[in-house]
Asker: 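One structure follows; several queries about it will come next.
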Amino acid sequence: MVQITLPDKSIKEFPEAVDGYEIAKSISPRLAKDVLSVSVNGEVWDLTRKITKNATVKLHTWDDREGKETFWHSSAHLMAEAIEHFFPGTKFGIGPTVDTGFYYDIDLPEGKQLSEKDLQKIEQKMLELARQKNEIVRSEISKEDALNMFTTKNDELKLELISELEDGTITLYNQGNFTDLCRGPHLPNTGFIKAIKLTSIAGAYWRGDEHNKMLTRVYGVTFPKQKMLEEYLAMLEEAKKRDHRKIGKEMELFTFSEEVGQGLPLWLPKGTQLRMQLEDFLKKVQKKYGYEQVMTPHIGDVRLYKTSGHYEKYGKDSFQTIKTPAEGEEYMLKPMNCPHHCEIYKWKPKSYKDLPIRMAEFGTVYRYEMSGELHGLTRVRGFTQDDAHIFCRPDQLKDEFKKVIDIIFIIFKAIDFKDYTAQISLRDPEKPEKYIGSKENWDKAEQAIIEACEEKGLKTVTELGEAAFYGPKLDFMIKDALGRNWQLGTIQVDYNLPERFQLEYIGADDNRHRPVMIHRAPFGSMERFIAVLIEHTAGKFPLWLTPEQAVVLPISEKYNDYAKKVSNFLNISDIRTVVDERNEKIGRKIRDNELKRIPYLLIVGEKETETETVSVRRQGEGDKGSMKTSEFADFVLNEVRDQLSGLYN
RNA sequence: GCCGAAUUAGCUCAGUUGGCCAGAGCACGUGAUUUGUAAUCUCGGGGUCGUCAGUUCGAAUCUGACAUUCGGCUCCA
């Protein structure tokens, strides 16, 4: 008799050992069809592995992570089998799953190379093997047998893996003519895999270590239904269309120049307009929350970074110091703004009554990123943080933290980011030596963050061991229109820098005390944020942000004067407007300006000139009829005010 | 930085096994037209084919080095 406890706490009894599939079948035929793997007392098992003792069981389908992982793991094996078919003698490293799909690191036989063209061939073979519905069979073998087996295959990669395993825990999986060392679990047979796409080939070091051999990594993704693959490919296509590098070029927002250097973005006028709009907005919000703007230079004496500790930790891997010619003083391009801000804090003695001090700066910083790492605006060597440092008393920490969360919400609302998650990063309790500062301070800081999040009603996930060495933090991840996650804003508590810079304030008790610092950047960096904004909106920015809000389109050159009059009036009313004076037909002007993603197109001809009106077209919505120019201005200003309501109440 | 791929006009891309002055569309300039809700017509200018070497009678095309970009690896205060 075996008792199986299901997630809803109900208990099913079976007369003898039972496997996951049989349990699913006993619940519903539908589930039996969909089930992919099963967790037995928290460990994921093959569906066909017999459960001999009482256990708590959860069945996994495509809809949960474990189900997908099982599916993709078996897909990796299927790919390996197909590759071995075309390239006998290939050595196989590891073949794990990733967020979307899987990869396998392989070492092809001497002189062989895999190209993109081979992928289709391999996909075909995989489909052929999948259709054979080959059973995937698990077997346990001794370490010695495993070593012998892979010695025969001459696969030193697997031998290295086996040598690190404990005897008695080694399992093999076999399907068709292919056997692989694997912990599992796997699908019952290859027939579950219906749709296959091998996505790319890349080089990867064996076990991620650059001293090791470079292997060939083949990425792929598979699905239980052809339709799912089609949807996935359509999503990739859409992502390509929304790529911020492409849209940035089309909309003339930013560019790069080899002469200036890689990873150093140049902001074009329209991109600058967009960025200033964001900066002005945040400055207003910050002003409301009691921040003060400061400005600091782009370089700082190397001693500053020795004091902060950054030189010791990152000096070797950053841009090297700049020396003055006559005196030989050493300066660093600033990799962050906080040391400068600490010096501003110190310029005058502080009383407990002065705190909190909230010091904000759009500070441009320079970090050396390896050339292969650079990517559009999301990974650059020079970027501007919407940085601020809050110096406060320990008893003010929680309140200050909550206020920062408020600011981040105001921004998310203005930008229309609805889907976010917040991650609280705490210490790894096992490794106290990794962190600086007293246990009491850490306890208090972590508590403050957790409580602040609770009181603000944030949905959070908590990760142990993800804290910075100097303090715990809260990071905001947003999900964009295509469901991709991006890390944006961050709030970090810091006990380290106040210590290193010996920051103090005089307390009510007339003694010296140490303030706590909060680092925070709601956008993260302007560059990265704008990249995400572009991909989220596909370049159709909220009205308040977009560089050009309206374009006036005269029907013919005869009405250019009236068009300019309209445009001047709107510009004076704070609506960014230009005139399309080209000698083109109206259909052409509409088309071109729609494609430029201009929110409002204002058509003016004889009728409008006579009645002081404009004929309004909203981007993507077509003709909206005509109205007085002044009415249109009010209408637009209201729309902007609605979008920014968070700022005004 | 490492592995792989790419680089042709401002942009998007053609360019067959090395062989006449290297092509197209868009953009730009010009002339005509004076237009009513997603592409009017005419003519024209523009490229040392990423850079530098090499092979060859001859190189956008073959080889090498370098630069940049892309996809990964690694790293990320």
Side-chain angles (χ1 to χ4, degrees), chain A residues 98 103 105 113-117 199-219 240 243 245-246 249-250 252 255-263 305 308-318 332 334-339 365-376 378-381 383 385 387 468-471 473 487 490 492 494 496-497 519 521 525 553-560 582-596 601-608 615-626:
Chain A
V98 289
Y103 65 82
D105 282 347
Q113 230 188 350
L114 202 60
S115 78
E116 306 274 345
K117 292 180 209 81
T199 45
S200 69
I201 303 176
Y205 299 109
W206 171 232
R207 320 197 94 181
D209 184 336
E210 60 181 302
H211 303 295
N212 285 341
K213 185 169 184 178
M214 175 70 70
L215 305 178
T216 305
R217 175 170 296 180
V218 188
Y219 283 89
K240 223 169 168 181
D243 191 314
R245 294 166 300 190
K246 181 171 172 284
K249 201 183 271 179
E250 275 170 21
E252 303 177 1
T255 187
F256 290 88
S257 152
E258 289 187 25
E259 293 295 308
V260 173
Q262 34 175 351
Y305 302 102
S308 73
H310 293 113
Y311 186 78
E312 196 195 348
K313 203 160 161 44
Y314 299 103
K316 305 190 294 302
D317 302 318
S318 69
M332 277 184 94
K334 74 173 169 187
M336 49 192 348
N337 305 300
C338 25
V365 297
Y366 303 89
R367 296 178 186 177
Y368 168 71
E369 302 286 356
M370 288 192 285
S371 56
E373 256 326 298
L374 302 168
H375 181 95
T378 58
R379 206 58 192 279
V380 288
R381 285 179 170 170
F383 58 95
Q385 295 177 311
D387 211 357
F469 71 94
Y470 50 78
K473 61 177 180 174
Q487 203 219 298
T490 178
Q492 310 186 359
D494 187 354
N496 178 40
L497 281 185
H519 307 250
S525 88
L553 313 180
I555 295 280
S556 83
E557 285 177 352
K558 281 192 278 187
Y559 311 106
N560 278 1
R582 293 176 305 160
N583 181 4
E584 292 290 351
K585 291 166 90 168
I586 194 66
R588 177 59 181 273
K589 292 189 187 181
I590 288 169
R591 178 182 156 81
D592 288 350
N593 286 289
E594 283 275 347
L595 291 174
K596 280 167 78 182
L601 305 187
L602 306 175
I603 290 134
V604 297
E606 190 178 356
K607 217 164 49 197
E608 289 78 9
S615 177
V616 180
R617 256 187 92 102
R618 173 88 223 211
Q619 138 95 18
E621 293 173 20
D623 197 349
K624 293 284 182 193
S626 62

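Quick caveat: nothing in here was measured; it's all calculated off a predicted structure. Protein chains get the first letters and strands the later ones, always in sequence-line order, with residue 1 at the start of each.
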Asker: Taking atom P of B:C70 as reference, at what distance in whole Å does atom NZ of A:K240 sit?
Answerer: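 In whole Å, B:C70 P and A:K240 NZ are 14 Å from each other.
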Asker: Hey, are A:Y305 and A:E312 close enough side-chain-wise for a donor-acceptor pair under 3.5 Å?
Answerer: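 A:Y305 and A:E312 do not have a side-chain donor-acceptor pair below 3.5 Å.
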Asker: With sequence neighbours excluded, what pairs up with A:Y366 under the ring pair (Phe, Tyr, Trp, His ring centres under 6.0 Å) test?
Answerer: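 For A:Y366, the residues satisfying ring pair (Phe, Tyr, Trp, His ring centres under 6.0 Å) (neighbours in sequence not counted) are A:H298.
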Asker: Within this structure, what is the NZ-to-P distance between A:K316 and B:C75, rounded to whole angstrom?
Answerer: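 For the pair A:K316 NZ and B:C75 P, the rounded distance is 14 Å.
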Asker: Taking atom P of B:U35 as reference, at what distance in whole Å does atom CD1 of A:I586 sit?
Answerer: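 Atom-to-atom, A:I586 to B:U35, this comes out as 12 Å.
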Asker: Side chain of A:K558, heavy atoms from C-beta onward: which of B:U34, B:C75, B:G36 has the nearest atom to it?
Answerer: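 Of the options given, the side chain of A:K558 lies nearest B:U34.
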Asker: For atom C1', what is the distance between B:U51 and B:U68, given to the nearest Å?
Answerer: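 One C1' to the other, the span is 10 Å.
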Asker: Evaluate the side chain to side chain donor-acceptor pair (under 3.5 Å) criterion for residues A:Y559 and A:E608: first the C-alpha distance (whole Å), next the side-chain angles of each, then the deciding distance (0.1 Å), finally the verdict.
Answerer: CA-CA 9 Å; A:Y559 311 106; A:E608 289 78 9; over 6 Å; no
Asker: Give one of base, sugar-phosphate or nothing for A:R379, where a contact means two heavy atoms less than 4.0 Å apart.
Answerer: base
Asker: Applying the 5.5 Å / 30° rule, does A:Y219 stack onto the base of B:G72?
Answerer: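 No; centroid distance or tilt outside limits.
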Asker: Under 3.5 Å, which protein N or O atoms sit close to an N or O of nucleotides 8-13 of chain B? Give each pair with its distance.
Answerer:
| unit_1 | atom_1 | unit_2 | atom_2 | d |
| --- | --- | --- | --- | --- |
| B:U12 | OP1 | A:K249 | NZ | 3.1 |

Asker: A:E373 side chain: which of B:G71, B:G1, B:U40 is closest?
Answerer: B:G1
Asker: Rounded off to whole Å, could you give me the CG-to-P distance for the A:L374 and B:C73 pair?
Answerer: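 Interatomic distance, CG of A:L374 to P of B:C73: 15 Å.
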Asker: Applying side chain to side chain contact (heavy atoms under 4.5 Å, CB included), run through A:F256 and A:Q262 and close with a yes or a no.
Answerer: CA-CA 7 Å; A:F256 290 88; A:Q262 34 175 351; over 6 Å; no
Asker: Round to a whole Å and report the spacing from CD of A:E252 to P of B:A27.
Answerer: 13 Å
